[in-house]
Number of protein chains: 2
Amino acid sequence: MSNPPTIKEIAKKLNISVSTVSRALHDHPSIGLRTKMRVQQLAKDLNYEPNQTAIFFQQRKTFTLGVILPELSEAFFSAAISGIEDTANKHKYSVLLGQSHDNEEREKQIVETMKNHRVDGLIISIAKNTVNYDHFEMLKKYNIPIVFFDRIPNLPNIHYVACDMESGTIQAVNFLLKNNHRIIGMINGPEKLFASQQRVEGYIKAMKKYRLKFDPNLMVASDLTREGTEAAMQSLLSQRRKPTAIVVFNDYVALDAVQYARHKKLRINKDLVFVSYSNLPLSHYTAFPPLASVEQFPYQQGQKATETLVELLGKSNDQQEATTYYKVILESQLVLNPNR
Amino acid sequence: MSNPPTIKEIAKKLNISVSTVSRALHDHPSIGLRTKMRVQQLAKDLNYEPNQTAIFFQQRKTFTLGVILPELSEAFFSAAISGIEDTANKHKYSVLLGQSHDNEEREKQIVETMKNHRVDGLIISIAKNTVNYDHFEMLKKYNIPIVFFDRIPNLPNIHYVACDMESGTIQAVNFLLKNNHRIIGMINGPEKLFASQQRVEGYIKAMKKYRLKFDPNLMVASDLTREGTEAAMQSLLSQRRKPTAIVVFNDYVALDAVQYARHKKLRINKDLVFVSYSNLPLSHYTAFPPLASVEQFPYQQGQKATETLVELLGKSNDQQEATTYYKVILESQLVLNPNR
DNA sequence: TTTACATAGACAAACGATTGCGCGTTTTTT
DNA sequence: AAAAAACGCGCAATCGTTTGTCTATGTAAA
């Protein structure tokens with residue numbers, strides 16, 4: 001027989017009704033032990049497996065989590081998806097995947113696809129230049145909860161998991177200050193990102209604590225492309241008060257910044273030192289690694305986001321409404337480079 | 001209204017039958033232009049979206065591809081999944097994800113989950129120590145086609161996409177031979193992997209062409225862990241005929257091997273040079289990169305595997321049977337490290 | 001005018017499983 | 001021994017959509 005066995009076939013072969021079979025397979029108390037055994041035996045013999053698509057349809061639940069990330073090939077996100085998949089799996093959920101390529105249009109379209117697939121919930125790290133959040137709001141009407149992580153939108157009532165970049169930045173700047181740097185530059189990311197704003201806060205707070213005044217010229221933004229980073233470096237290095245240290249948005253940007261500096265004949269870790277974020281494994285192997293990097297625990301963020309979502313899904317809609325929004329903050333942590 | 005609109009509601013509001021609505025939405029010729037317009041207008045107004053789970057169920061097709069990879073956080077696989085997702089998306093397929101963590105048990109369980117989800121097809125790169133292939137064979141009975149890529153099982157009748165590691169190895173060894181190395185070691189991967197066997201073939205062929213005899217002591221295997229690699233290095237370096245160059249299974253292994261060699265006070269690229277596989281982006285930034293690396297085009301492999309699977313799914317079962325098995329071989333390519 | 005044939009749409013079954021309700025039979029209670 | 005409760009199972013609706021078949025109306029051909 002080519003088609004997988006169904007509950008109907010079992011019923012027919014045993015001359016009982018489908019409902020009995022269904023209940024027998026679920027160990028329902030109202031089914032006698034005898035028939036229960038017979039059904040379960042035959043099911044095993046026929047290699048019966050319930051048709052999930054039928055169940056999904058009937059139960060209006062798919063046990064599937066949608067995950068939307070900017071770039072799967074970036075180490076940060078691939079670590080995150082790893083944590084997400086592991087945790088989802090542990091809770092019997094499957095993972096439906098989409099990458100936005102940092103493109104808002106594409107992000108919208110994926111959200112649409114996920115909605116039509118009737119995913120039970122979504123985990124999203126938004127595209128870097130998404131400014132319109134309608135496609136997220138829309139999901140509320142469909143009762144599809146979202147947990148954002150790392151790259152979170154600037155919206156009031158959302159669930160999210162993120163690293164506290166403010167404290168991480170304070171750690172980073174303090175580290176530099178303690179090493180006698182006084183003119184500290186910063187290459188930040190897109191202003192829209194909450195994480196960028198937090199970095200600014202942390203930077204300013206740390207400087208203030210040392211009674212150093214904030215020089216806005218030392219704070220530049222990169223769009224995270226190589227060109228953007230080079231422009232940022234150029235701007236920083238053309239200052240009258242040249243920075244002796246630079247805090248950089250992430251390790252990828254740092255690699256580009258380092259290359260630019262070397263090209264300008266600056267001696268890394270002598271004329272100019274770098275501290276960055278992410279602490280990718282590669283930075284341990286790299287020729288001129290940043291002195292230190294703020295670890296953001298992508299795997300753990302993914303884990304936590306998934307656990308949060310699963311917990312949310314365990315609640316009824318009313319309960320969901322009643323929950324105050326989850327705002328899970330993981331502490332980031334400055335990690336000194338062992339090869340420094 | 002909390003529930004999404006259905007075809008039924010549209011039918012009721014317009015006082016026509018559901019079948020008419022369905023056909024109108026699909027532009028079926030037997031529906032008059034007037035009603036067609038009215039239906040489509042109302043559908044738009046109500047923000048109607050077909051319930052995919054119902055359609056999946058009804059059509060016995062989910063437009064979902066299952067993807068099983070060993071480790072998402074490895075650069076090779078994250079690049080591959082990126083290619084897979086992009087290509088699947090282009091063909092209106094979604095991607096259901098699972099990672100085996102190189103664990104055969106887990107791999108089996110994921111296959112099971114995917115089957116129950118009724119994915120239309122599977123793309124798999126097998127766990128490194130999977131020796132039993134029953135769970136793959138089983139899928140044939142359910143008419144779920146599989147396309148393997150990169151890490152392919154040693155089975156006769158399968159579809160697969162892979163890089164030709166033999167020619168890549170020949171290129172690598174030739175490169176070393178031309179640079180006057182005569183004693184060339186190799187750290188290979190698990191013997192079960194087809195790719196490992198191909199590397200051996202390539203190595204031997206290249207040596208033969210130079211009329212050099214094959215010294216089996218120069219060929220060792222690593223289980224890809226740091227410890228395994230260190231053991232392999234130790235074995236190689238303790239030879240009477242010490243290698244002046246080593247071909248290493250991949251860039252991760254190479255990084256470990258390099259560290260071991262440095263620890264042993266060997267001068268990289270002087271006393272000992274390395275050539276490896278994968279050409280991960282990080283190797284451009286690394287302090288002591290391999291001289292060259294055999295690029296395996298993970299993104300393209302993912303793309304190609306997905307295209308192959310989609311093509312397969314376009315065919316009826318009979319046609320599928322009739323197709324000879326796809327064996328897509330991408331040429332690998334030796335890439336010299338620009339920072340060498 | 002009658003026959004024939006498109007045209008436009010309705011009816012209903014089917015996909016596979018779950019579940020509220022009802023009904024007959026057995027067992028327990030008093 | 002009669003009434004009540006418990007047990008064991010079947011009936012049928014339901015989830016939303018697609019699709020084969022049938023019917024009614026109108027139009028063209030004979």
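Residue numbers start from 1 in every chain, and the chains themselves are labelled A, B, ... in the order their sequence lines are given, proteins ahead of strands.
- Picking from dT18(C), dT18(D), dG16(D) the nucleotide with the shortest atom distance to the side chain of His26(B) gives dT18(D).
- Using a 4.0 Å cut-off between a side-chain N of Lys or Arg and a carboxylate O of Asp or Glu, Glu85(A) and Arg106(B) qualify as a salt bridge.
- For the pair Tyr48(B) OH and dG16(D) P, the interatomic distance rounds to 10 Å; values are reported in whole Å.
- Contact check for Phe148(A) versus Phe136(A): side-chain heavy atoms found under the 4.5 Å cut-off.
- Salt bridge Glu9(A)/Lys12(A): absent, no basic N to carboxylate O contact under 4.0 Å.
- Side-chain proximity of Gln58(B) to dT18(D), dG8(D), dC15(D): nearest is dT18(D).
- Using a cutoff of 4.0 Å between basic side-chain nitrogens and carboxylate oxygens, Asp102(B) and Arg151(B) are scored as salt-bridged.
- In this structure, the side chains of Pro5(B) and Lys13(B) stay at 4.5 Å or more apart for every pair of heavy atoms.
- As judged by a 4.0 angstrom heavy-atom cut-off over every strand, Phe56(B) is placed among residues making no nucleic acid contact.
- Both geometric conditions, a ring-centre gap below 5.5 Å and a plane tilt below 30°, are fulfilled for Phe57(A) over the base of dC15(D).
- Residue-level contact check: Thr35(B) touches the backbone only, with heavy atoms under 4.0 Å from sugar-phosphate atoms and none from bases.
- The phosphate of dC15(D) has OP1 or OP2 within less than 4.0 Å of a side-chain N or O from Lys8(B).
- Using a distance-only test at 3.5 Å, with no hydrogens or angles considered, a donor-acceptor pair links the side chain of Asp120(A) to the main chain of Phe63(A).
- Taking atom NZ on Lys61(B) and atom C1' on dT18(D), their separation rounds to 16 Å, with Å as the unit.
- A straight line from CG of Leu25(B) to P of dT18(D) spans 8 Å, rounded to a whole angstrom.
- His28(B) places its NE2 atom 9 Å from the P atom of dT19(D), with the value rounded to the nearest Å.
- Atom C1' of nucleotide dG20(D) and atom CD1 of Ile31(B) are separated by 14 Å, given to the nearest angstrom.
- The phosphate of dG16(C) (OP1 or OP2) has a side-chain N or O of Arg60(B) nearer than 4.0 angstrom.
- Taking atom CG of Asn116(A) as the reference point, atom P of dT17(D) lies 11 Å away to the nearest angstrom.
- The stretch residues 14-24 of chain A touches DNA chain C through Ser19(A), Ser22(A), Arg23(A), each having a heavy atom within less than 4.0 Å of the strand.
- Along DNA chain C, the nucleotide closest to Glu49(A) and the one closest to Leu33(B) are compared, and the more 5′ of them pairs with Leu33(B).
- In this structure, Gln52(A) atom CD and dC15(C) atom C1' are separated by 15 Å, rounded to whole Å.
- In this structure the side chain of His159(A) never reaches within 4.5 angstrom of the side chain of Lys327(A), judged on heavy atoms.
- Among dT18(D), dC9(D), dC15(D), the nucleotide with an atom closest to any side-chain atom of Ser30(A) is dC9(D).
- Distance CD (Gln59(A)) to P (dG20(C)): 11 Å, rounded to an integer number of Å.
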